[in-house]
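See structure below.
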Amino acid sequence: MNIEQLRQQIDKQPRFRLAHRPTPLEPLSRFSKAVGGPTIYMKRDDCTGFAMGGNKARHNEFVMAEALSRGADLFVWGGLIQSNNCRQTAAACAKAGLDCHLVLTGPPRDEPVPLEGNFLLDNLFGASYEIVDAGMGKDLNRRIIDAATRFQDQGRKVFRWDRHVVTPLAAISYVECAAEIFEQSTAAGFVPAAIYVSSSGSTGAGLTLGCRALGQTSPVRNVAYVRWEWDIPSDMADIANEVSKKLDLGTQLAPSDIDVTLDYIAPGYGKLTEAVFDAISLLARTEGILLDPVYTGKAMSALLDDVRRGRLTPQDHVVFVHTGGTPALFAYGRELGEQLAGRKATPREISRA
């Protein structure tokens, strides 16, 4: 299948337009030089243009279309206090004219929640919310279902998080992103030796499926940010295969086709590490581009570790998909400040970078 044929299949799906597309594929020349190669390009999905950008702008084009087709008047979603997903979903609801209720988890319930980062934006976009004591995964999903049921009992027409419905819809958008990447990389004169992305679900499943549907062999290296309670490769293969069926692509993936690493999660979801800080600060000082500590910072730390280990060579051309998350930086002021205070860069260090 070629790119035009793939786009024709995607365009048959209901869609609520949100994102600026295609996003740029930008060469990171100073960053690439600082790490000693490979040549790194960044797919700027932090520039999707909606609610400060990110991959969920693409996701929500298909998810929101489904909610509207069902006649929903309330969207019930959930995640951590600093969820990028919740921020962009609240904004999409505002644009679509739907109410949004968020079930949020994070700090102990007896601690005040600072009105900052994504949580500040949730409020600005008009979302209502409740804060619960729940772990990410099945526990939080149950709380979302409880909240949705409560609103349904009040007569609301609710569309809620359901991973079996939502994840394949979201993944369609990254099948399309894969087409953009290969169209742009071909124009730039290279085939990616690898594509790096922070994902353990829809985004990476869509990218992997898109590559295979186009007959491309470039591996998609998914860097997991959380350890889910289910088998991640199997789940991502299931998502990809459901999308393949929806789009009539005729491509099937097995769990072994999913390249995902859990090696960069420690010390836990959303925890800033020295390696993550190094990745964030080096990119900021060389390219003026910001990563976040939760998702993209960890994915970039994995790419840099692969460079150090020789998994990537100076001759390779690599694509890093920037999935957004910049607002979360402002909730990490203390941790980032401590790292900055302990690592005052000298003029010589800056000039070498």
- [ ] Run through Y129, W161, F125 and flag the one making a ring-ring contact (aromatic ring centres under 6.0 Å, His included) with W77.
- [x] W161
- [ ] Measure the OG-CG distance between S199 and L207 for me, rounded to the nearest 0.5 Å.
- [x] 7.5 Å
- [ ] Without swapping roles, check the side chain of Q9 against the backbone of L247 for a donor-acceptor pair under 3.5 Å.
- [x] yes
TODO: Could you tell me whether the side chain of T208 and the main chain of A205 form a donor-acceptor pair under 3.5 Å?
DONE: no
- [ ] Identify the heavy atoms of I181 and L25 that sit nearest to each other, and give their distance.
- [x] O-CD2, 4.3 Å
Open item on the list: Could you measure the distance from the OG atom of S32 to the CD1 atom of I40? Nearest 0.5 Å is fine.
Closed with: 4.5 Å
TODO: Grab the two heavy atoms, one from R160 and one from A148, that are nearest each other, plus how far apart they are.
DONE: CD-CB, 3.5 Å
TODO: Determine, for R58 against D46, whether the closest basic-nitrogen to carboxylate-oxygen distance falls under 4.0 angstrom.
DONE: no
TODO: Show your reasoning for whether side-chain contact (heavy atoms from CB on, under 4.5 Å) applies to L304 and D278.
DONE: CA-CA 10 Å; L304 295 180; D278 288 343; 5.7 Å; no
Task: Carboxylate-amine/guanidinium proximity below 4.0 Å for R21 and E176 - done: yes
TODO: Would you give the length of the straight line joining atom CG of N85 to atom OG of S202, rounded to the nearest 0.5 angstrom?
DONE: 9.0 Å
TODO: State, with a plain yes or no, whether a side-chain heavy atom of R156 is found less than 4.5 Å away from one of D99.
DONE: yes
Task: 4.5 Å side-chain heavy-atom contact, D73 and K157 - done: yes
Open item on the list: Using modelled atom types and a 3.5 Å cut-off, is there a donor and acceptor pairing between side-chain atoms of T186 and backbone atoms of E183?
Closed with: no
Open item on the list: Could you check whether any side-chain heavy atom of D45 comes within less than 4.5 Å of a side-chain heavy atom of T323, counting everything from C-beta outward?
Closed with: no
TODO: Could you pull out the closest heavy-atom pair between A65 and F16, with the gap in Å?
DONE: CB-N, 3.8 Å
- [ ] Determine yes or no for a side-chain-to-main-chain donor-acceptor pair under 3.5 angstrom, with T105 supplying the side chain and V132 the backbone.
- [x] yes
Task: Smallest separation among heavy atoms of V165 and R70, with atom names - done: CG1-NH2, 3.7 Å
Open item on the list: Testing F159, F75, F151 one by one against H101 for a ring-ring contact (aromatic ring centres under 6.0 Å, His included), which residue passes?
Closed with: F151
Open item on the list: One pair to check against side-chain contact (heavy atoms from CB on, under 4.5 Å): S198 and K298. What are the steps and the verdict?
Closed with: CA-CA 7 Å; S198 170; K298 288 196 172 182; over 6 Å; no
Task: Polar side-chain atom of H322 near backbone of L290 as donor-acceptor pair, under 3.5 Å - done: yes
Open item on the list: Once rounded to the nearest 0.5 Å, what's the spacing between atom CD1 of I3 and atom CD of Q8?
Closed with: 12.5 Å
Open item on the list: Does D11 form a salt bridge (Lys or Arg N to Asp or Glu O under 4.0 Å) with R7? I'd like the steps, not just the answer.
Closed with: CA-CA 6 Å; D11 287 343; R7 285 188 170 133; over 6 Å; no
TODO: Report yes or no: does D257 contribute a side-chain atom to a donor-acceptor pair with the main-chain N or O of A254 at less than 3.5 Å?
DONE: yes
Task: R87 CZ to N84 CG distance, which is reported to the nearest 0.5 Å - done: 4.5 Å
TODO: Indicate whether the side chain of W228 and that of D235 have a donor and an acceptor atom separated by less than 3.5 Å.
DONE: no
Open item on the list: With heavy-atom distances below 4.5 Å as the criterion, would you say the side chains of C100 and L74 are in contact?
Closed with: no
Open item on the list: Please identify which of these residues, F31, F320, F190, meets the ring-ring contact (aromatic ring centres under 6.0 Å, His included) condition with Y41.
Closed with: F190
Task: Given E180, Q184, M42, the one that forms side chain to side chain contact (heavy atoms under 4.5 Å, CB included) with T23 - done: E180
Open item on the list: Would you say that T39 contacts P27 through its side chain, given a criterion of any heavy-atom pair below 4.5 Å between the two side chains?
Closed with: no
Task: Gap between atom CZ of R221 and atom OG1 of T261 - 0.5 Å precision - done: 5.0 Å
Open item on the list: Let me check something: do L102 and I145 share a hydrophobic cluster, defined by ILVMFWY side-chain heavy atoms less than 4.5 Å apart, either directly or through other members?
Closed with: no
- [ ] Answer yes if V223 and V220 sit in the same cluster of Ile, Leu, Val, Met, Phe, Trp and Tyr residues linked by side chain heavy atoms under 4.5 Å apart, and no otherwise.
- [x] no
Task: N-O pairing of D248 and K12 below 4.0 Å - done: no
TODO: Could you tell me whether a side-chain N or O of Q13 sits under 3.5 Å from a main-chain N or O of F62, the two making a donor and an acceptor?
DONE: no
Open item on the list: Using the rule given for side-chain contact (heavy atoms from CB on, under 4.5 Å), can you reason through L262 versus Y225, listing the C-alpha separation, both sets of side-chain angles and the distance that settles it, and then say yes or no?
Closed with: CA-CA 7 Å; L262 281 66; Y225 49 84; over 6 Å; no
- [ ] Specify the closest pair of heavy atoms between L18 and A92, including all atoms of both residues, with the distance to one decimal.
- [x] CD1-CB, 3.9 Å
Task: Flag side-chain contact, heavy atom, 4.5 Å: L291 against L329 - done: no
TODO: Please check if the side chain of D305 supplies one atom and the backbone of S301 the other of a donor-acceptor pair under 3.5 Å.
DONE: no
- [ ] State, with a plain yes or no, whether a side-chain heavy atom of K271 is found less than 4.5 Å away from one of E335.
- [x] no
Task: Pair Y332-D292, side-chain donor/acceptor within less than 3.5 Å - done: no
Open item on the list: Taking T313's backbone N and O only, do any of them form a donor-acceptor pair with D316's side chain (distance below 3.5 Å, no angle check)?
Closed with: yes
- [ ] Mind listing the closest non-hydrogen atom pair of A299 and V197 along with its distance?
- [x] CB-C, 4.1 Å
TODO: In sequence, state the C-alpha distance, the side-chain angles, and the governing distance for S200 and R227, and then conclude on side-chain contact (heavy atoms from CB on, under 4.5 Å).
DONE: CA-CA 9 Å; S200 53; R227 195 177 299 273; over 6 Å; no
TODO: Look at E61 together with K56 and state whether they make a salt bridge at an N to O cut-off of under 4.0 Å.
DONE: no
- [ ] Test side-chain hydrogen bond (donor to acceptor under 3.5 Å, both in side chains) on N222 and D259 and set out the steps.
- [x] CA-CA 6 Å; N222 296 280; D259 179 354; over 6 Å; no
TODO: Salt-bridge test for R142 and D146: reply yes if a basic N is under 4.0 Å from a carboxylate O, no otherwise.
DONE: no
Open item on the list: So, applying side chain to side chain contact (heavy atoms under 4.5 Å, CB included) with H59, which one of T203, L169, T89 is it?
Closed with: T203
Task: Salt bridge present between E26 and R44 (N-O < 4.0 angstrom) - done: yes
Open item on the list: Salt bridge or not between R15 and E66? Use side-chain N to carboxylate O under 4.0 Å.
Closed with: no
Open item on the list: Is there a path of hydrophobic side-chain contacts, each under 4.5 Å between heavy atoms, that joins V321 and V191?
Closed with: no
Task: Side-chain heavy-atom pair P168, K246 within 4.5 angstrom cut-off - done: yes
Open item on the list: Between S244 (side chain only) and A240 (backbone N and O only), is there a donor and an acceptor less than 3.5 Å apart?
Closed with: no
Task: V35 with Y264, same ILVMFWY side-chain cluster at under 4.5 Å - done: no
